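Because only heavy atoms are used, hydrogens play no part in the values below, and waters and symmetry mates are left out as well, while side chains stay in. All chains are named by letter (A, B, ...) in the order of the sequence lines, taking the proteins before the strands, and each is independently numbered beginning at 1. Predicted model only: the values in this text are computed from it and were never measured.
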Amino acid sequence: MSQPTSAISPVRSADFAEWYQQVVRAAELAEPSDVRGCMVIKPWGYGLWENIQHTLDGMFKATGHKNAYFPLFIPLSYLAKEAEHVEGFAKECAVVTHHRLEAGPDGSLRPAPSSQLTEPLVIRPTSETIIGATYAKWVQSYRDLPILINQWANVVRWEMRPRVFLRTAEFLWQEGHTAHETQEEAVEETNRMLGVYETFAREHLALPVYTGEKSAGERFPGAVQTLCIEAMVQDRKAVQAGTSHFLGQNFAKASDIKFVSRTNTQEFAWTTSWGVSTRLIGTLIMAHGDDDGVILPPRVATAHVVILPVVPKEETRAAVLEAAHALAAKLRATRYHGDPIRVEVDARDVNGGTKNWEWIKKGAPLRVEIGPRDLEKGTVAVARRDRAHKEKTFPTHSAFLETVGGILDDIQATLLARATAYRDENTVRIDTKEDFYAYFTAKNPDKPEIHGGFALAHWNGSAEVEAKIKEDLKVTIRCIPTPGQIPGAEEPGRCVITGEPSARRVLFAKSY
RNA sequence: CGGGGUGUAGCUUAGCUUGGUAGAGCGCCUGGUUUGGGACCAGGAGGUCGUAGGUUCAAAUCCUAUCGCCCCGACCA
């Protein structure tokens, strides 16, 4: 039977959105649930989240933060305290209005009218308001500051158009919420956490990201300043992969977080909030996957090494399995960046080729085969997910154990290099309106091919131009890049649309 | 919430125009042959054709309503 040339159909270039869904399914990362917009995260996908959590949590602790947990339900009135905030989130809130069910006249279950809540509860779309209300009680004096807290939680935003991992109605995230004595300190915190995200994305997810500030139009509702990291995925769209907000005194005023200062005056605290979500997993898939499935960066991979026992003859089964488990034990006793190497032994009684392809689709960084011939020679067959699927090396067990960490680092570096090259190839400077429109317009409007990318262009700073570009091309300002990050971006020029003077280039792209 | 499309086994689907009471591939189960590879052979399980009405001797097929899903908008980590 002839096999397709790639494991995933359609391929990326044919239909990227469909490719993405097929990869998520084939890799057993997640599946749609019966609840619209919500996903079931399967073990292979949840393992990624656990590793992301583990590493980020360490980075948060290392920068002085502690974890806590706040309620899922937010009184409706809390949300209303900050005008822009409620405006931004009101349209996508799930609301709890009753606390009991009963049988209705037709016998079906319904909320009991007598159990209606006096004040509806909103399921948190984000927790600024309820955490702010709590901080208000905790803060009396400048001596109570700063408060540096993070929570790992789920939130709900009733999105119109969900997409697994990238935009689901319920998602997992972390949200840091800090309160400070001075503006300088809060701004410094906002920048520090953006730096943590940038480092994490680059070193662990192998995602090169641009850091920068959102334009007023793209800012978090209620924030003074929104910083972000922007990644490019393989249809050249941008994904906002993490955000860090300087909230000024807006939420402190709304929640009454005030303290007596060193000079005995009443002051409002300066607050920040910052978060990343399970969206990172979607970004990772879209950035690194190929036409055979997902490719997991080793630093976050659910398993680093999958051992595939090859059992051509029944009489060798016991010996092969024993050797597989022995190698697994030795690998688990080996450390990779401080943690034990994560190993799976796939001893299922499934055709070897089928099994091999399953792990290719799932993106395990290393596949290690052990069969009778390897037992005789004392070797294993090692295949890397970032190389052709037939390419194998045959080290001895001890040589493999010595080099496995280096190989994993090499895969990690390869993924980062590939993603960086892809992003750089598709990041262009554009200086005329014609070029700008051509760049972001598909040649085949009926079935748009992958086109566009990141455009660095001058902008007159007006919301009108921003809105016009969004309306015409669905292109938005992803960020005003952090100064010094992109050579020449801070040289003055003329707005690509209006020709008016502009102090610097900003980053434009279509986005998820 | 607007505009378009669609709903048949776990998945992909044929049949619908020209009504007669379901067929395939993949997957799954069993047995066998294989085995450094997503193999082959044989057998088997699984569908009241989204739901509710209607027309008819007879509805997956025609009509009406309703719900779900997909795509395109508005919204968005």
Distance-only donor-acceptor test, [X] side-chain atoms vs [N] base atoms, 3.5 Å:
| X | N | value |
| --- | --- | --- |
| A:N356 | B:G36 | no |
| A:E358 | B:G38 | no |
| A:K392 | B:G37 | yes |

Counting heavy atoms from C-beta on, name the nucleotide in [options] closest to the side chain of [X].
| X | options | answer |
| --- | --- | --- |
| A:E92 | B:G38, B:C75, B:G36 | B:C75 |
| A:E369 | B:G36, B:A77, B:G38 | B:G36 |
| A:Q21 | B:G38, B:G37, B:C71 | B:C71 |
| A:Q240 | B:G36, B:A77, B:C75 | B:A77 |

Which part of the nucleic acid does [X] contact within heavy-atom distance under 4.0 Å: base, sugar-phosphate only, or nothing?
| X | result |
| --- | --- |
| A:I360 | nothing |
| A:S277 | base |
| A:G275 | nothing |
| A:K214 | nothing |
| A:T316 | nothing |
| A:R25 | sugar-phosphate |
| A:F220 | nothing |

By nearest-nucleotide position on RNA chain B, the 5'-leaning member of A:R478 and A:I370 is A:I370
Which is more 5' along RNA chain B, the nucleotide nearest A:G352 or the one nearest A:V35? Just name the residue. A:G352
Is it true that A:F70 and A:H177 have ring centroids separated by less than 6.0 Å? no
A:F508 and A:F436 aromatic centres sub-6.0 Å: yes
Just the rounded figure in Å: distance from [atom2] of [N] to [atom1] of [X].
| X | N | atom1 | atom2 | result |
| --- | --- | --- | --- | --- |
| A:N351 | B:G37 | CG | C1' | 6 Å |
| A:L284 | B:A77 | CG | C1' | 16 Å |
| A:L205 | B:A77 | CG | P | 19 Å |

Tell me the partner of [N], counting only Watson-Crick (N1-N3 plus N6-O4 or O6-N4) or G-U wobble (N1-O2 and O6-N3) with both under 3.5 Å; none if nothing fits.
| N | answer |
| --- | --- |
| B:U55 | none |
| B:G43 | B:C29 |
| B:U21 | none |
| B:C69 | B:G5 |
| B:C75 | none |

Take atom [atom1] in [N] and the same atom in [M], then report the distance between them in whole Å.
| N | M | atom1 | value |
| --- | --- | --- | --- |
| B:A39 | B:A58 | P | 48 Å |
| B:U12 | B:U30 | C1' | 25 Å |
| B:U51 | B:G5 | P | 22 Å |
| B:C70 | B:U13 | P | 14 Å |

Check whether the aromatic ring of A:F171 stacks on the base of B:A77, taking stacking as ring centres less than 5.5 Å apart and planes within 30° of each other. yes
Could you list the residues that satisfy side-chain contact (heavy atoms from CB on, under 4.5 Å) with A:K313, not counting sequence neighbours? A:E315, A:T316
Using the test salt bridge (Lys or Arg N to Asp or Glu O under 4.0 Å), find all partners of A:E31 that sit at least two apart in sequence or belong to another chain. A:K42
Does [X] pair with [Y] as a salt bridge, N-O distance under 4.0 Å?
| X | Y | result |
| --- | --- | --- |
| A:E358 | A:R348 | yes |
| A:E369 | A:K392 | yes |
| A:R373 | A:E376 | no |

